[in-house]
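Shown next, in C-alpha cells, is the structure this report addresses.
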Amino acid sequence: MPTPSTTRRSRSGSIRRGAAGAALALLAAVGATLAVAPTASAVDSSACNSAWYYSNGHINANGVNLRSGPGISYSSKGLLSKGTKTYFYCYKDFGSNKWSWQYIKVTSGPHKNTKGWVRFDYNDWW
C-alpha cells in the first residue's frame, strides 16, 4: 500500500498525490522553501562542551528520565529512581544553566551500565 506522500497514476491515467505530496507540489509551484527539522537521535559524549569530569554520583529524585541526548526532545532510555548510582563524565552547557545536561553511566539498578543524559539538577556528585 502506498504511503500518503507517494505519487501514482489512477485508473484514468491522471496523476494522484497523497496529502503530503500535494503540499510539496504546491510549495514547489509557488517557489517556497520547506524547512525540515532534524530528528532527535541518540547522542553520545561527543555533544559535551565541557572538560571531562570523572566523578561518582547519585540520582536525587524518582522518575528521572535517562535520555538519549542532552534535551527533552530526545527519547527516554528509562526512568531512574532516587538513589540510583551514577558515574559522571561531562556536561552540555546551553548557556542558561551551567551543567545543563550531564552525560552519565548508570552504575546500579535495572539500567546498570547504560550511558545517557540527565538534567544537571537530578544528579548529585559525591
Over 60° means perpendicular and under 30° means parallel, so tell me whether Tyr89 and Tyr54 are parallel, tilted or perpendicular.
perpendicular
Counting only heavy atoms not in Lys77, do more than 12 sit closer than 6.0 Å to its NZ atom?
yes
Please tell me if the side chains of [X] and [Y] come closer than 4.5 Å, counting only heavy atoms from C-beta onward.
X      : Y      : result
Asp44  : Lys115 : no
Asn56  : Trp125 : no
Trp101 : Ile72  : yes
Asn49  : Phe94  : no
Asn60  : Asn123 : no

Check whether any side-chain N or O of Ser108 sits under 3.5 Å from a backbone N or O of Lys85 as a donor-acceptor pair, and report yes or no.
yes
Hey, does the side chain of Asn62 reach the backbone of Ser81 with a donor-acceptor pair shorter than 3.5 angstrom?
no
Closest non-hydrogen atom pair between [X] and [Y], with its separation:
X      : Y      : result
Cys48  : Trp117 : SG-CH2, 3.7 Å
Ser76  : Asn65  : OG-OD1, 2.7 Å
Thr107 : Lys112 : O-CE, 3.6 Å
Asp93  : Ser100 : OD1-OG, 3.9 Å
Arg67  : Tyr74  : NH1-O, 2.6 Å
Tyr103 : Val43  : CE1-O, 4.3 Å

Could you state the interatomic distance from [atom1] ([X]) to [atom2] ([Y]), rounded to the nearest 0.5 Å?
X     : Y      : atom1 : atom2 : value
Lys82 : Asp124 : NZ    : CG    : 9.5 Å
Ser50 : Gln102 : OG    : CD    : 9.0 Å
Ile59 : Ile104 : CD1   : CD1   : 4.5 Å

